[in-house]
Amino acid sequence: MENRDIARILRETAQLLEIDGAIVGRYRSYEKAAELIYSLTERVDELAKDPEKLTELPGIGDRMAEHIGEILKTGDYGLRQKLLKKFPPTLLDLLKLQSLGPKKAALLWSMFQAATVEDVEKLAREGKLRDVPGFGEKTEQNILKAVEIFKKSSGRYLLHNAEAAAQTLVAYIKTAGKAVESVVIAGSLRRSKETAGDLDLLVTLADGCTSPKAVESLAEHILKYPSIDRTLARGENKVSFTLGNDMQVDVRMLDKECFGAALIYFTGAKEHNVALRGRALKMGYTLNEYALATVKGERRVAGKTEEEIYAKLKLAFIPPELRENCGEIEAAAEYRLPKLVCREDIRGDLQMHTTASDGKNTIEEMAGAARAMGHQYIAITDHSKSLTITNGLDEKRLLQHLKNMRDANARGLGIRVLAGAEVDILKDGRMDYENELLAQIDVVVASVHSFMSVGRAEMTGRLLAAIENPYTQIIAHPTGRILLRRDPYDYDMEKVLDAAAKYQVAFECNAYPDRLDLNDTHLRMAKERGVKIVISTDSHRTQHLEWMRYGVQMARRGWLEKADVLNTLPVEQFLSALRPKPGAATPAIPATKEKPRSSAVTKGRS
DNA sequence: GCCGTTTTCGGCCCGACTGTTTTCAGTCG
C-alpha cells in the first residue's frame with residue numbers, strides 16, 4: 001500500500017471527525033499523522049514491519065500505530081467506515097468550497113441532508129441558506145460564487161503561469177512609489193512548488209509610511225490593479241482579491257521590522273510553520289508573522305530577517321524549496337542540510353527536439369540558443385519511429401539525422417552537440433530501435449508515450465525491461481504526468497529505481513513546466529538509491545531552453561546537490577558517468593571490433 | 001490521539017478577517 005493511500009484514509013478520517021464535532025486535538029492528531037505519512041520518503045508498509053519504528057515517528061503513538069496497522073492489513077480503517085455510515089462521502093467535497101468549513105457543512109447536512117455541491121447550490125439559489133443560524137445573505141452569495149469556481153477550475157495554476165502573473169502584479173504594486181520599501185513573492189511560488197493555488201505577496205512599508213492612513217492609501221492603490229475581478233477581503237494590513245482567471249491573491253502590508261518573520265510565515269508551507277512554532281514553544285519562544293518573541297514577557301528576540309530567526313531557533317538557514325516539513329527542520333538542527341544544486345552548476349541540456357521530428361527549430365538554431373545561455377553541451381533527441389504523431393524518425397532518417405548532428409558539431413558551433421535520440425519504450429518493454437542502431441546513438445534517452453494505462457504490474461515490467469536493455473542510459477519524464485491534466489503512470493517506483501541504480505541508468509528531471517517530472521519525492525527516492533539525475537528541458541523551440549531553471553528548482557525541492565546531477569559535469573566526465581555502452585572502447589583501449597561505431601563517436605566528440 | 005525542563009491532565013500554531021452577531025464563531029492561510 002502506498003503512503004499516499006494511507007495518508008488519504010487518515011486525512012478523510014480527520015475531516016469526518018471534525019464534521020462530527022470531535023474535539024480539536026483528536027482530529028488534529030489524525031491530520032498530523034496523514035501529513036507526516038504523505039511526506040515520508042520511506043514506505044510505511046516497510047516501516048510497519050517493526051512497530052517500534054512507527055512509534056518513533058513524531059506524532060505517531062501506540063494507538064495511531066495500531067490504526068495504521070489496521071489500514072495496512074484491511075485496506076481501510078474502521079472508524080472511517082463508521083463515520084461514513086453517519087455522513088455520506090460527498091460531504092467531504094463541500095469542504096472544498098470557499099467559506100464552507102466543517103461546522104457549516106455539518107449544519108447543512110443535519111438541517112437539509114445536503115451532501116453534494118449541487119444540493120448546496122440549490123439551497124443557495126432558493127434563498128434557503130440565509131436563514132440558517134450563522135449564515136446570512138452574504139454567506140449565501142459567497143457560497144454561490146464558490147460553487148461556480150469549484151465547477152469550472154481545479155483551482156491550481158502551473159508554476160510558470162503563476163510566476164508570470166505574480167511578476168506583473170509586483171511591478172504594478174511598486175508603482176505606488178515611495179511608500180513601498182519592497183514587494184516580494186512568497187507562498188508556494190517561492191518554494192517552487194510545481195503548481196500554485198494562489199499568490200502570496202509581501203509588501204514592506206518604507207520608513208514614515210506605516211501610519212494607518214498611509215497603509216490605507218496603499219491598499220487603495222493595490223485594489224485598483226486592472227485585472228482584479230473581485231475583492232475578497234480588505235483589512236488593516238491585508239487585502240485579498242481574485243484575478244480574472246479566478247486566481248486568488250493575498251497581499252500583506254507590514255512594517256519592515258517584521259520582514260523576516262512575515263516572509264517565513266507567508267512562504268510556508270503551513271506544515272513547516274507549524275513545526276517551527278512548535279520548536280519555538282519548546283525553546284520558550286512564540287513565533288508569529290511579526291516576530292519571534294519570548295513567551296514570558298513577550299520580549300522580541302528576532303524578526304527582521306529569516307536568517308536571524310532560524311539562527312535563534314538553533315537551525316541552519318532552510319532554503320524555501322525545502323520548507324515542507326519533510327525532515328528539513330531535523331536536518332537543519334543538525335546542520336546537515338544539503339548544499340542544493342543551483343542554475344549556475346548546469347553545463348548542458350540533454351533532451352530537446354528539432355524540425356527533424358516535432359520541434360520548431362533546426363539543429364543549428366537550438367545549438368546557438370543553448371550556447372548563448374552558457375551551456376557547454378547539448379544532446380539533441382528527436383522522437384523515434386513509433387511516435388508517428390510527432391513525425392518520429394525511422395531507421396533511415398535517424399541515420400541521416402545522426403550524421404547531420406555530427407556534421408554540424410564538426411563545423412564548430414561553439415558548443416558540443418551530442419547526437420542523441422528519445423527512443424520510445426514499446427508496450428512490451430522493447431525499445432523502438434534495434435540494439436544495432438541504438439549502439440550508434442551518443443545519448444539514448446528512453447521514454448513511454450503510449451499505452452499509459454496498462455496497469456501497475458505491466459508498466460513496472462515494461463520499465464524494468466527498458467532499463468535492462470544495455471543501451472538505455474536515461475529514462476525521460478519517468479512518470480508521464482501532465483500537471484493538472486494527466487495522472488502519472490502507475491508502477492512500482494522503488495523497484496524501478498532499484499533497477500536503475502543496479503544498471504547505472506540515470507533518471508530525468510524534466511523541466512518542461514507542464515511536466516516537472518520526476519517530482520520532489522521521487523527525486524529524493526532516486527537520490528537515496530544513488531540513481532543519478534539529468535535535468536533536461538525537453539525543448540521544442542529555442543525559447544523553451546530557458547525552462548532549465550524550473551527543472552533546477554524541482555531538483556532543489558528533491559534535495560539534490562551538484563554531485564547528484566550529471567549535467568553539472570564537463571562534457572567528457574558527463575559521458576563517462578553515463579551507463580557505458582556494451583563493448584564501448586574505454587578511452588585508453590580502443591576496441592578494434594567496434595571500429596565503425598567508435599570512430600563515429602570519436603568524431604562526434606571532437 | 002499525542003505529549004511533557006510548566007504538566008500523566010490539559011493543552012494542542014497563530015492571527016486576520018468576515019459575517020453574523022451584539023461579543024464572537026467560523027473560516028482561512
Side-chain angles (χ1 to χ4, degrees), chain A residues 10 13-15 17-19 21-36 54-68 77 79 94-108 129-143 146 155 186-188 191 196-202 215 219 231-241 248-254 258 261-262 264-293 295-296 298 325:
Chain A
L10 292 172
T13 306
Q15 290 175 322
L17 278 169
E18 198 177 356
I19 290 172
I23 58 161
V24 175
R26 184 149 183 241
Y27 64 76
R28 288 214 51 184
S29 63
Y30 281 89
E31 245 168 40
K32 280 171 89 170
E35 276 158 14
L36 175 83
L54 272 187
T55 49
E56 277 171 18
L57 296 169
I60 308 280
D62 292 338
R63 306 278 302 272
M64 195 60 79
E66 276 175 36
H67 301 331
I68 292 167
Y77 174 39
L79 177 60
L94 299 191
L95 303 184
K96 293 176 190 151
L97 297 175
Q98 284 269 351
S99 76
L100 208 54
K103 298 286 187 299
K104 286 184 168 154
L107 192 57
L108 294 185
L129 292 186
R130 63 185 68 180
D131 300 325
V132 176
F135 288 60
E137 249 178 88
K138 199 92 186 203
T139 309
E140 196 172 77
Q141 290 308 310
N142 286 343
I143 286 173
S188 59
R191 305 199 311 279
D198 60 10
L199 301 183
D200 295 291
L201 299 185
L202 179 60
V215 179
T231 301
L232 299 174
R234 178 176 183 171
E236 279 169 37
N237 62 18
K238 169 185 171 176
V239 293
S240 294
F241 49 87
Q248 183 174 329
V249 183
D250 297 314
V251 184
R252 291 289 289 257
M253 298 160 287
L254 291 165
C258 310
I264 287 179
Y265 177 78
F266 294 115
T267 299
K270 198 175 105 189
E271 294 74 17
H272 176 85
N273 290 348
V274 169
L276 274 189
R277 292 200 190 116
R279 183 179 177 88
L281 275 182
K282 276 187 193 162
M283 296 173 72
Y285 299 130
T286 175
L287 178 64
N288 59 24
E289 59 260 58
Y290 301 107
L292 180 71
V295 173
K296 289 176 190 165
E298 294 185 5
N325 198 27

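All figures in this text were calculated on a predicted structure; none of them were measured in a lab. Note that these values count all heavy atoms, side chains included, but never hydrogens, waters or copies made by symmetry. By convention in this document, chain letters (A, B, ...) are assigned in the order of the sequence lines, proteins followed by strands, and residues within each chain are numbered from 1.
A:Arg63 comes within contact range of the sugar-phosphate backbone alone, with a heavy-atom separation under 4.0 Å but no base atom that close. Residue A:Val274 is in base contact, counting any heavy-atom pair closer than 4.0 Å across all strands shown. Base contact: A:Ile23 has a heavy atom under 4.0 Å from a base atom. Among the protein residues, A:Gly25 comes within range of the nucleic acid bases, having at least one heavy atom under 4.0 Å from a base atom. Residue contacts shown for A:Leu107 are absent, as no nucleic acid heavy atom lies under 4.0 Å away. Among the atoms of the strands shown, none is found under 4.0 Å from any heavy atom of A:Asn273. Residue contacts for A:Pro102: at a heavy-atom cut-off of 4.0 Å it reaches the sugar-phosphate backbone alone, with no base atom in range. Across all strands, A:Lys104 comes closer than 4.0 Å only to sugar-phosphate atoms, never to a base (heavy-atom distances). Among the protein residues, A:Thr286 comes within range of the sugar-phosphate backbone only, with heavy atoms under 4.0 Å from sugar or phosphate atoms but none that close to a base.
Checked against A:Val274 for a side chain to side chain contact (heavy atoms under 4.5 Å, CB included), the options A:Arg279, A:Arg28, A:Lys32 give a single hit: A:Arg28. Of the listed residues (A:Leu287, A:Val295, A:Leu276), just one forms a side chain to side chain contact (heavy atoms under 4.5 Å, CB included) with A:Leu281, and that residue is A:Val295.
Atom P of nucleotide B:dT18 and atom CD of A:Glu236 are separated by 10 Å, given to the nearest angstrom. The nearest whole Å value for the distance from the CG atom in A:Asp131 to the P atom in B:dT20 is 11 Å. B:dG1 atom P lies 12 Å from atom CG of A:Asp62, rounded to whole Å. Distance A:Gln141 CD to B:dT20 C1': 16 Å, rounded to the nearest Å. In this structure, A:Ile68 atom CD1 and B:dC2 atom C1' are separated by 13 Å, rounded to whole Å. When rounded to the nearest whole Å, the span between OH of A:Tyr27 and C1' of B:dG11 equals 14 Å. Following rounding to the nearest Å, A:Glu18 (CD) and B:dA25 (P) show an atom-to-atom distance of 16 Å. One can place OH of A:Tyr265 at 12 Å from P of B:dC14, the figure rounded to the nearest angstrom.
Nucleotide B:dC14 forms a Watson-Crick or G-U wobble pair with B:dG29, both donor-acceptor distances falling under 3.5 Å.
Separating the C1' atom of B:dT20 from that of B:dG26 is a span of 10 Å, rounded to the nearest Å. Taking atom C1' on both B:dG11 and B:dT6, the two are 11 Å apart, rounded to the nearest angstrom. Atom P of B:dT23 sits at a distance of 23 Å from the matching atom of B:dC17, rounded to the whole Å.
In terms of modelled atom types and a separation under 3.5 Å, the side chain of A:Glu31 and the main chain of A:Ala14 share no donor-acceptor contact.
Between A:His67 and A:Tyr77, the angle of the ring planes lies from 30° to 60°, which puts this pair in the tilted group.
A:Leu79 and A:Arg26 get closest at one heavy-atom pair: CD2-NH2, 3.7 Å. In this structure, A:Leu10 and A:Ala34 approach most closely via the heavy-atom pair CB-CB, 3.8 Å.
Side-chain N/O atoms of A:Asn142 include none lying less than 4.0 angstrom from OP1 or OP2 on B:dT27. The side chain of A:Gln98 places no N or O atom within less than 4.0 Å of a non-bridging phosphate oxygen (OP1 or OP2) of B:dG26. For A:Thr139 and B:dT18, the shortest distance from a side-chain N or O to OP1 or OP2 is not below 4.0 Å.
Between the side chain of A:Tyr290 and the base of B:dG15, no donor-acceptor pair under 3.5 Å is found.
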